[in-house]
Amino acid sequence: MNAALRAVVRAALGRGNSVVGFDHGYEGLIHDEMREMTSLSVGGIIDRGGTILRTARSKRFMTLEGRQRAVEVLRQNGCEGLVVIGGDGSLTGAMKLHEEFEYPVMGVPGSIDNDIAGTDFSIGFDTAVNTAVSAIDRVRDTATSHERVFVIEVMGRRNGFIALEAGLGGGAEAILLPEVPYSLLDICRGLREAAAKGKRSSIIIVAEGAARASEVNEFISKSTGFDTRHVVLGHMQRGGSPTNFDRVLALRLGALAANRLISGFRGEMVGVEGTKLVSHPLSYVLSTERQIDPDRLILAEVMAQ
Ligand code: F6P
């Protein structure tokens with residue numbers, strides 16, 4: 001998010017605008033936590049995870065009264081447009097400002113879950129996946145040396161994009177996703193068959209929305225008698241220095257959002273499809289479900305044989 005913020009600020013300044021930021025997201029907007037953003041204020045942050053503006057979940061912004069107050073603050077401060085960087089909730093808030101008050105907004109997709117339609121990638125996903133894969137690689141050393149089954153839980157409350165991507169890259173033997181029905185009995189059968197062929201260790205990736213690693217671990221242990229362990233990667237996936245892919249993505253999306261807003265476009269979310277930058281109405285983005293790639297599912301199955 002810091003790289004995106006840097007891009008928004010510098011692209012807008014470059015076109016002769018002044019830029020302010022609001023601390024703590026919508027909550028800070030309601031409380032007028034405004035600060036001036038200069039080129040210098042976004043210097044030295046491209047390699048930092050999170051956001052220097054900090055963030056908050058705002059209950060008040062979910063009410064019409066809260067949003068009214070937010071628009072008041074924006075107008076009183078002479079703000080002519082708002083760029084919102086975030087996931088589903090943040091983008092829904094932006095759409096409401098656009099629809100209820102005709103306030104000029106532009107969304108930038110930022111979510112490690114990568115569950116936002118209208119873009120192939122959300123900012124943070126690549127970094128989270130790479131963090132998960134390096135953790136899987138480390139765990140595999142113990143799995144192999146001790147001949148164990150490891151169940152590794154990754155983030156993904158409602159979807160399995162991180163699990164599938166990290167499971168593929170981490171060479172997992174099974175990947176459990178909320179979107180795809182699975183049978184633990186079948187997984188145990190697969191583990192026994194693999195063991196009969198000489199395979200002594202396995203890695204199973206679980207999206208947190210599909211099951212809890214501890215429960216899967218217990219089931220496998222009881223049903224197969226294998227030596228099993230589980231690991232929950234948790235919030236370490238949401239931090240750390242972003243990959244270069246994420247940095248460049250964030251710069252491209254942030255600059256595009258600022259430029260489109262300044263050029264008079266409203267109520268959109270910028271994104272990337274293939275190698276091209278795109279921009280879609282927020283109403284389309286938020287009413288469309290991003291689907292798991294079926295080719296990746298087949299690939300994961302073939303690779304797990
Ligand atoms: O950003 C989405 C997400 O990473 C989910 O995958 C995860 O369940 C959730 O955030 C965790 O949120 P919190 O920090 O509020 O526990």
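In what follows, every heavy atom counts, from backbone to side chain, and hydrogens, waters and symmetry copies are set aside. Just so you know, ligand 1 is whichever comes first in the structure, and atom 1 is the first atom listed for that ligand. All figures in this text were calculated on a predicted structure; none of them were measured in a lab.
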**Student:** Under 6.0 Å from the ring centre and within 45 degrees of the ring axis: does the NZ or CZ of Arg290 meet both conditions for the six-membered ring of Phe161?
**Tutor:** yes

**Student:** Evaluate the ring planes of Phe245 and Phe121, with Trp represented by its six-membered ring, and classify them as parallel (under 30°), tilted (30 to 60°) or perpendicular (over 60°).
**Tutor:**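 Ring orientation of Phe245 relative to Phe121: perpendicular.
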
**Student:** Tell me the protein heavy atom at minimum distance from atom 8 (O) of ligand 1, and give that distance in Å.
**Tutor:** Glu208 OE2, 2.5 Å

**Student:** Could you tell me whether Arg60 and Glu65 have a side-chain N and a carboxylate O separated by less than 4.0 Å?
**Tutor:**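 So Arg60 pairs with Glu65 through a salt bridge.
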
**Student:** With a 4.0 Å cut-off on heavy atoms, is Gly87 touching ligand 1?
**Tutor:** no

**Student:** Salt bridge between Glu173 and Lys199, side-chain N to carboxylate O under 4.0 Å?
**Tutor:** yes

**Student:** I want to know if ligand 1 touches Met155 in the polar sense, i.e. an N/O pair below 3.5 angstrom.
**Tutor:** no

**Student:** In the protein, which heavy atom is nearest to atom 12 (O) of ligand 1, and how far is it?
**Tutor:**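 Closest protein heavy atom to atom 12 (O) of ligand 1: Arg238 NH1, 3.4 Å.
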
**Student:** Touching ligand 1 at all, Gln237? Heavy atoms, strictly under 4.0 Å?
**Tutor:** no

**Student:** Has the side chain of Asn130 got a donor or acceptor atom that lies under 3.5 Å from a matching backbone atom of Asp126?
**Tutor:** yes

**Student:** Between Ile112 and ligand 1, which residue portion shows a heavy-atom distance shorter than 4.0 Å: side chain, backbone, both, or neither?
**Tutor:** side chain

**Student:** Within the structure, is a non-hydrogen atom of Arg57 found at a distance of less than 4.0 Å from ligand 1?
**Tutor:**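 Right, Arg57 reaches ligand 1.
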
**Student:** What residue and atom, counting heavy atoms only, is the protein's closest point to atom 2 (C) of ligand 1, and at what distance?
**Tutor:**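 Ranked first by proximity to atom 2 (C) of ligand 1 is Asp113 OD2, 2.8 Å.
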
**Student:** Flag this pair as yes if the NZ/CZ of Arg229 is under 6.0 angstrom from the six-membered ring centre of Phe150 and inside a 45 degree cone about the axis; otherwise no.
**Tutor:** no

**Student:** Which ligand 1 atoms, with their elements, are less than 4.0 angstrom from a heavy-atom of Arg157?
**Tutor:**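 Counting from 1, the qualifying ligand atoms are 2 (C), 5 (C), 6 (O), 7 (C), 8 (O), 9 (C), 10 (O).
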
**Student:** Is the number of heavy atoms from other residues, nucleotides or ligands under 6.0 Å of Arg48 CZ greater than 12?
**Tutor:** no

**Student:** What's the shortest distance from atom 16 (O) of ligand 1 to any protein heavy atom, and which residue and atom give it?
**Tutor:** His235 NE2, 3.4 Å

